[in-house]
Amino acid sequence: MTVALAHPNIALVKYWGKQDKPGNIPATPNLSITLSELVTRTEVEEHDSDELWLNGEPSNDAKVMRFLAALRNRYPIGYLKITSSNNFPTGAGLASSASGFAALMTAINSHARLGLNAEIMSEWARQGSASAARSMFAGYVALVPPLWRAQAFAPASHWPLQVVVAVTSHAAKAVSSTRGMELSRRTSPFYGSWLRAGGDDFAAASDAINNRDFAALAEVAELSCLKMHSVMLTTRPTLAYWNQATVAAMQTVRDLRSQGCGVFFTIDAGPQVKAVCLPEDAERVAAALAGIDGVQQILRCGLGEAAHVVDDHAVDA
Ligand code: DP6
């Protein structure tokens, strides 16, 4: 039996839309931070057929099944019992598919003794879910051309920012990212300009991180998030992932920043608000977000580790 852990990540420069070729490749370069505290734990063991358990329930998740089939086309991997659980809400815009595929790839690599390095595992994880490529690495992570394997951009120690997550709903999202971004590509009038701006946003965020320039990072990260949500909102049928507490939390973050607090927000395909902050301001941000009507839970994170194996009892295949 082999156990691997992986953390979700949140993109500061988002991707929303894929290239028109196989491999589940993002249309634009993107950049994320891997979170600590939130974690997916995935166990794999030999079995007489494939069996998948997600958060204590049997599952036949089609994405996982396709991922296993693709891996088996390339490597000799026997049937597996896979048991995976998250210590945070699943499928609700908290990047559970990112940590899920990163943990699964890491566990299978060790269990089946595939001997793949993190870059190659990242390429495989990307095929499961593109954001999963980034959860293979710690700290600041880039997913960029030409190979579209994630790579470490800067370690957490370079700039140990913190993240306060305001959970405003525990419900799983109604429209998956995969389907949502395909609808956006086909129908949003803003999709083309969103893609054209991706490279500049990536460059601006890279500079801001290299220079530890919080104001510059806040500006580009919020803009990337709001442009992505503009594309979502102008998709037909509309992709409206926010609720009232989401909007209230965004306003609170803006108010705090105008009072000199080092914080900015980012939001993915769900209603949760992730407030990225300077460590000295995290307490104040958490208290302010906790006081908003409709905020159900506050999660506090730092920057997390790469996906890794914690317990490996694999036998020779
Ligand atoms: C809004 O990586 O979940 O979180 O590859 O179809 O599984 P699939 O999509 P996924 O999309 C993530 C979208 C996002 C932005 C981001 O993380 O860059």
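First listed ligand is number 1; within each ligand, the first listed atom is number 1. Quick note: residue numbers are just sequence positions, from 1.
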Original post:
So, does N30 sit close enough to ligand 1 that a heavy atom of it is under 4.0 Å from the ligand?
Top reply: no
Original post:
Under 3.5 Å, is there a donor-acceptor pair linking the side chains of S258 and D255?
Top reply: no
Subject >> Residue portion contacting ligand 1 (non-hydrogen atoms closer than 4.0 Å) for T178 >> reply: both
Subject >> Under 4.0 Å to a heavy atom of A11 - the qualifying atoms of ligand 1, by number >> reply: 16 (C), 17 (O), 18 (O)
Original post:
Numbering the atoms of ligand 1 from 1, which are under 4.0 Å from a heavy atom of S177?
Top reply: 3 (O), 9 (O), 11 (O)
Original post:
Looking only at N/O atoms, are A130 and ligand 1 under 3.5 Å apart anywhere?
Top reply: yes
Original post:
Looking at K14 and D201, does any basic side-chain N land under 4.0 Å from a carboxylate oxygen?
Top reply: no
Original post:
Taking NZ, NE, NH1 and NH2 as the nitrogens, is one of them in R179 or E182 under 4.0 Å from a carboxylate oxygen of the other?
Top reply: no
Original post:
Without hydrogens or angle criteria, can the side chains of T34 and N9 be said to hold a donor-acceptor pair below 3.5 Å?
Top reply: no
Original post:
If you measure from each non-hydrogen atom of S129 to ligand 1, which part falls under 4.0 Å: side chain, backbone, both or neither?
Top reply: both
**OP:** Could you tell me whether I10 approaches ligand 1 through its side chain, its backbone, both or neither, with non-hydrogen atoms closer than 4.0 Å?
**Re:** neither
**OP:** Measure the distance from atom 15 (C) of ligand 1 to every protein heavy atom, then report the residue, atom name and distance (to 0.1 Å) of the closest one.
**Re:** Y15 O, 3.3 Å
Original post:
In the protein, what heavy atom is nearest to atom 8 (P) of ligand 1, and what distance, to one decimal place, separates them?
Top reply: K18 NZ, 3.3 Å
Original post:
If only atom types and distance count, is the side chain of S224 paired as donor or acceptor with the main-chain N or O of A221 below 3.5 Å?
Top reply: no
Subject >> Residue M181 vicinity, atoms of ligand 1 by number, heavy atom under 4.0 Å >> reply: 9 (O), 11 (O)
Original post:
Which residue owns the protein heavy atom closest to atom 17 (O) of ligand 1, what's the atom, and how far is it?
Top reply: R134 NH2, 2.7 Å
Original post:
Is there a heavy atom in R126 that sits closer than 4.0 Å to ligand 1?
Top reply: no
Original post:
In ligand 1, which numbered atoms sit nearer than 4.0 Å to a non-hydrogen atom of K63?
Top reply: 6 (O), 7 (O), 8 (P)
Subject >> Per-atom contacts, ligand 1 versus S97 - under 4.0 Å to a heavy atom >> reply: 3 (O)
Original post:
With a cut-off of 4.0 Å, which atoms of ligand 1 are near a heavy atom of M228?
Top reply: 1 (C)
Original post:
In terms of hydrophobic clusters joined by side-chain contacts under 4.5 Å, are M232 and W194 together?
Top reply: yes
Subject >> Approximate separation, where rounding is to 0.5 Å, of M65 CE and L52 CG >> reply: 5.0 Å
Atom pairs and distances, side-chain donor-acceptor, residues 278-295, under 3.5 Å, sequence neighbours left out:
unit_1, atom_1, unit_2, atom_2, d
D281, OD2, G262, N, 2.7
E283, OE1, R300, NH1, 3.4
R284, NH2, Q259, OE1, 2.9

**OP:** Give the numbers and elements of all ligand 1 atoms closer than 4.0 Å to a heavy atom of N24.
**Re:** 5 (O)
Original post:
Distance-only, no hydrogens or angles: does the S122 side chain make a donor-acceptor pair with backbone N or O of M136 under 3.5 Å?
Top reply: no
Subject >> Test applied, side chain to side chain contact (heavy atoms under 4.5 Å, CB included); reference residue, W159; option that passes from N210, L217, I33 >> reply: L217
Original post:
Where is the nearest protein heavy atom to atom 14 (C) of ligand 1: which residue, which atom, and how far?
Top reply: D268 OD1, 3.9 Å
**OP:** Answer yes if the side chains of T234 and S188 hold a donor-acceptor pair under 3.5 Å, and no otherwise.
**Re:** yes
**OP:** Please confirm whether K14 comes within less than 3.5 Å of ligand 1 when only nitrogen or oxygen atoms on both sides are compared.
**Re:** no
